[in-house]
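In what follows, a single structure is set out as structure tokens and then discussed.
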Amino acid sequence: MDDKFLKPYDPQATEPRIYQEWEESGYFNPDNLPDAEDREPFTIVMPPPNANGNLHAGHALFITLEDLFIRFRRMQGYRALWIPGADHAGFETQVVYEKKLEKEGRSRFSMDPKDLYAEILAFTLENKANMEQQVRALGASCDWSREKFTLDPDIVTEVKKTFVQMHEDGLVYRGKRTVNWCPKHQTSLSDIETDSVEESTPFYTFKYGPFDIGTVRPETKFGDKYVVMHPNDARYAKWNHGDMLEVEWINGPIQATVIKDEAVEMDFGTGVMTITPWHSQIDFEIAKRHGLDIEQIIDLRGKLLPIAGEFEGMKIADARTKIAEKLESKGLLVSVDPDYKNVVKRCYKCSTMIEPQVQDQWFVSMKPLAEQALQAVDRKEVRFFPEHEEKVFRHWLENTLDWNISRQIIWGINIPAWFRNRGTDTEEIKTSLEKPDGEGWVADTDTFDTWFSSGQWPLLVTGYPEGKDHAQHYPTDVMETGRDIIFFWVARMIMFGLYRTGSVPFHTVYLHGLVNDANNKKMSKSKGNVINPLDLTDKFGTDALRMGLVIGNTPGTDLALREDKIKGYKNFANKLWNIARYVLTETEGADLSAPLTAADEALRTELDALIKDVTSDLEAYRIYLAAEKIYHYAWHTFADVLIEESKVIFAGGDAAAKASRKALLLSLFADTLRVLHPFMPFVTEEIWKSVRTTDTLLMVEKWPSSAV
RNA sequence: GGGCGAUUAGCUCAGUUGGUUAGAGCAACCCGUUUACACCGGGUAGGCCGGGGGUUCGAGUCCUCCAUCGCCCACCA
């Protein structure tokens, strides 16, 4: 027996050494596996962590699960490939960096864009290196030789090609449309980058000529020269579409026009409203239907424009009550409901109120792409774990609107579009990777929504269209990621995968829930309850953390991360260590081929049955069950029953029984280690060194297949 | 407003898709230290499986209604 077993298991000293051995073995790269060419591929694309900070508990969970899937399949004999990556994370990283600038008393708006880009790039690359070390610490057996960064030149080129091709196919268009504008970050955002928040706000009813109109936003009302009602509303039958009338309004009399439109709800308020098409999606649609003028009232910083007269330059929040007061003083206020419940959109990063603005931007036409994705799910080409997430997925795809993909930020992939005579009647637009021929072309300064590029990640990292990996490893097998990014990412990957390659990017979607704090509350910096997974690996070992993340965690369900639970699995790692000490001490020089007694044969069969069970659990993604079963076997069957029984046998005089039991202990322990390896790779690999009869690493040992 | 999910032991959760006396970990309580391991062993206690109704030979599991909690989506000003 190795002397190392005389001391308790020391994960801190063991783990980095073991990881280095794995990495140096070359087996993370499936091309180096024995008989690589004969193996069936099994592929996972890692959700590339944002290279803008430390890994959080959610990363630890996905790394654990994906590493487990990969190690299991590698041992089963697949050409197991796990492709790691790092995400420049466009807007997210820019927000992180802007906070840093703010702390330093600087601002992106007073910087040269080139300098800003260079600074964020340096920041990102530094974090990327840090992040990669943390992924290693968690035991990830991913193929670092294939690692991709979302800003790698080949990735960027292919992303741009997708855009150009989609433009040619009419799936990308430039349009003057309502976008979600964040006045703080000075960029538009997609619909899913905003949060709808219910708030209590005064609901005003004003006199507008002969009508009473309701609004929660008096500050937008300056340009309201259209008054809209439902065509079937009997109360207003005497008014005809197009009727003109003069009404007294905020800054004096204006010419108003009656518009009849079915978008108006007859039983809401008075059934009459005025519209502000520049700052409301629904109003914009009405204006478009009837060819009405649209006029900007609020600038991009959230301040009133000259049209507001005496209110020019005021912030909308301050202007709101002032304008209501003025209307009241003019006798135009009918009533105020002080506690009206209204849903407003806020920036998902800074909670600033989104100001709808009409802008010329790039959009993806979602309907045709969503159709394709839904059909692929209908054909069962993608299955979901948990199953019910398929409903959530469908519901979103059936209702999603066109996707604004242009961002007015520097940190990202620039949109390969070119303008000539921009903003004039003779404006020309071209999309191409290179500047078009001819004079006067100016490049678009906008960048892509980061999900436009990460949505193509599986096809990009496998080297579409010509890469060898694309032929061999696409479509991939499992996409394991957070339930919270099913729309941001999973839906887009399926759409882009189908669009560009004709195939779904993966056949299985495994969605994990949130990792919460010990009280099952969402972790957040402001609450101060954030748990750093690397602290837990330092304290209890990576294997213990992995077990703690996996056991009792069903897909799609949130997990409470408790230290006492992880501590329990640290004890388990040590238990395995002590089992090894006993087994190795007692079986020194044992004859592995000694015939088994009938009783021992039954014990062998018992484990075979368990392995069969655990294997089918793993294949069906019942990870939580598989982990618990093998844990329970090792501790409460192997250690508590078998070893105790063995002590009696070894103390007795039956030589055949002794020989049988020695061979049995070794064989059962070896298989227990094999099955435990995907869950607890470090301690099992370390013990394996003393158990193995060849010099093979446990990570490439054959998964035990039983005769049962 | 629409959708999804949860409700099982003190706590955190399983219960593999209807089949014996409902399980695990942690916590609690009692006993045990000439040892593979106190990062331990042996044992005990603890559950009208949220509530009502239904289907069935049989329901924690299926259907229905209700209650509570959580999450997601949302262009009625």
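Chain A is the first sequence line, chain B the second, and so forth, proteins listed ahead of strands; every chain is numbered from 1. All values below come from the heavy atoms of this structure, side chains included, with hydrogens, waters and symmetry mates left out.
- Residues passing the side chain to side chain donor-acceptor pair (under 3.5 Å) test with D293(A) are K225(A), sequence neighbours excluded.
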Can I get a per-line list of side-chain donor-acceptor pairs under 3.5 Å for residues 483-490 of chain A, giving both atom names and the distance, sequence neighbours left out?
| from | atom 1 | to | atom 2 | distance (Å) |
| --- | --- | --- | --- | --- |
| R483(A) | NH1 | G556(A) | O | 2.8 |
| R483(A) | NH2 | D558(A) | OD1 | 3.3 |
| W489(A) | NE1 | S454(A) | O | 2.8 |

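- When the C1' atom is used for both rA9(B) and rG5(B), the distance is 23 Å, rounded to whole Å.
- Sorted by first and then second residue, the pairs that involve residues 258-270 of chain A and meet salt bridge (Lys or Arg N to Asp or Glu O under 4.0 Å), not counting sequence neighbours, are D261(A)-R289(A).
- Residue N553(A) is out of contact with every strand shown, counting any heavy-atom pair closer than 4.0 Å.
- The P8(A) side chain lies nearest to rC39(B) when the options are rG41(B), rC39(B), rA36(B).
- In this structure, A639(A) reaches the bases: a heavy-atom distance under 4.0 Å links it to at least one base atom across the strands shown.
- Residue T554(A) is classed as a sugar-phosphate contact, given heavy-atom separations below 4.0 Å to backbone atoms only.
- Side chains of S190(A) and N404(A): a donor-acceptor N/O pair is absent below 3.5 angstrom, by distance only.
- What separates CG of D3(A) from P of rA36(B) is a distance of 17 Å, to the nearest Å.
- K391(A) has a side-chain polar atom (N or O) that falls below the 4.0 Å cut-off from OP1 or OP2 of rG5(B).
- Using a 4.5 Å heavy-atom threshold, the side chains of V509(A) and F393(A) count as separate.
- In terms of the side-chain contact (heavy atoms from CB on, under 4.5 Å) criterion, residue partners of K539(A) (sequence neighbours excluded) are, by chain and number, E563(A).
- Remark: RNA chain B forms stems of 3 or more consecutive Watson-Crick or G-U wobble pairs, all pair distances under 3.5 Å, at B:1-7 with B:67-73, B:10-13 with B:23-26, B:28-32 with B:40-44, B:50-54 with B:62-66.
- Separating the C1' atom of rA22(B) from that of rG60(B) is a span of 8 Å, rounded to the nearest Å.
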Counting primed atoms, P, OP1 and OP2 as sugar-phosphate and everything else as base, the B/S/- map of nucleotides 70-77 of chain B against protein heavy atoms under 4.0 Å is --SSBBBB
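- Comparing rC39(B), rA24(B), rU12(B) by their closest approach to the side chain of N520(A) singles out rU12(B).
- For Y569(A) and F540(A), the distance between ring centers is not under 6.0 angstrom.
- Every side-chain contact (heavy atoms from CB on, under 4.5 Å) that D339(A) has, sequence neighbours left out, goes to S200(A), D337(A), K341(A).
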Table of protein N/O atoms under 3.5 Å from nucleotides 16-19 of chain B N/O atoms:
| from | atom 1 | to | atom 2 | distance (Å) |
| --- | --- | --- | --- | --- |
| rU16(B) | O2' | R622(A) | NH1 | 3.1 |
| rU16(B) | O2 | D617(A) | OD1 | 3.4 |
| rU16(B) | O2 | R622(A) | NE | 3.2 |
| rU16(B) | O2 | R622(A) | NH2 | 3.3 |

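- Atom-to-atom, OH of Y569(A) to C1' of rC26(B) comes out at 9 Å; the value is rounded to the nearest Å.
- By the side chain to side chain donor-acceptor pair (under 3.5 Å) test, E285(A) is found to be paired with Q281(A), residues two or more places apart in sequence or in another chain being considered.
- In this structure, NZ of K567(A) is placed 10 Å from P of rC26(B), rounded to the nearest angstrom.
- When the C1' atom of rG41(B) is taken as reference, atom CG of D640(A) falls 7 Å away, rounded to whole Å.
- Among residues two or more places apart in sequence or in another chain, the side chain to side chain donor-acceptor pair (under 3.5 Å) test is passed with T194(A) by none.
- Contacts of E586(A) with the nucleic acid, taken as non-hydrogen atoms under 4.0 Å apart, are absent.
- Nearer to the 5' terminus of RNA chain B, by closest-nucleotide assignment, is the contact made by H632(A) (compared with the other of H632(A) and W635(A)).
- The side-chain contact (heavy atoms from CB on, under 4.5 Å) check on K326(A) picks up I250(A), N251(A), E310(A), F311(A), S329(A), K330(A), with sequence neighbours excluded.
- For S335(A), the side-chain contact (heavy atoms from CB on, under 4.5 Å) test picks out T205(A), with sequence neighbours left out.
- rA67(B) and rC29(B): their P atoms are spaced 41 Å apart (whole Å).
- Note on R622(A) versus D613(A): no salt bridge recorded, every NZ/NE/NH1/NH2 to OD/OE distance being 4.0 Å or above.
- Between the NE2 atom of H636(A) and the P atom of rG43(B) there is a distance of 11 Å, given to the nearest Å.
- Taking the side chain of R562(A) as heavy atoms from C-beta on, and the options rA36(B), rU12(B), rG5(B), the nearest nucleotide is rU12(B).
- In the set rA36(B), rG5(B), rU12(B), rA36(B) carries the atom at the smallest distance from any side-chain atom of Y582(A).
- Using a 4.0 Å cut-off, some side-chain N or O of T557(A) falls inside it from OP1 or OP2 of rA14(B).
- Here the P atom of nucleotide rG41(B) and the NZ atom of K647(A) are 10 Å apart, to the nearest Å.
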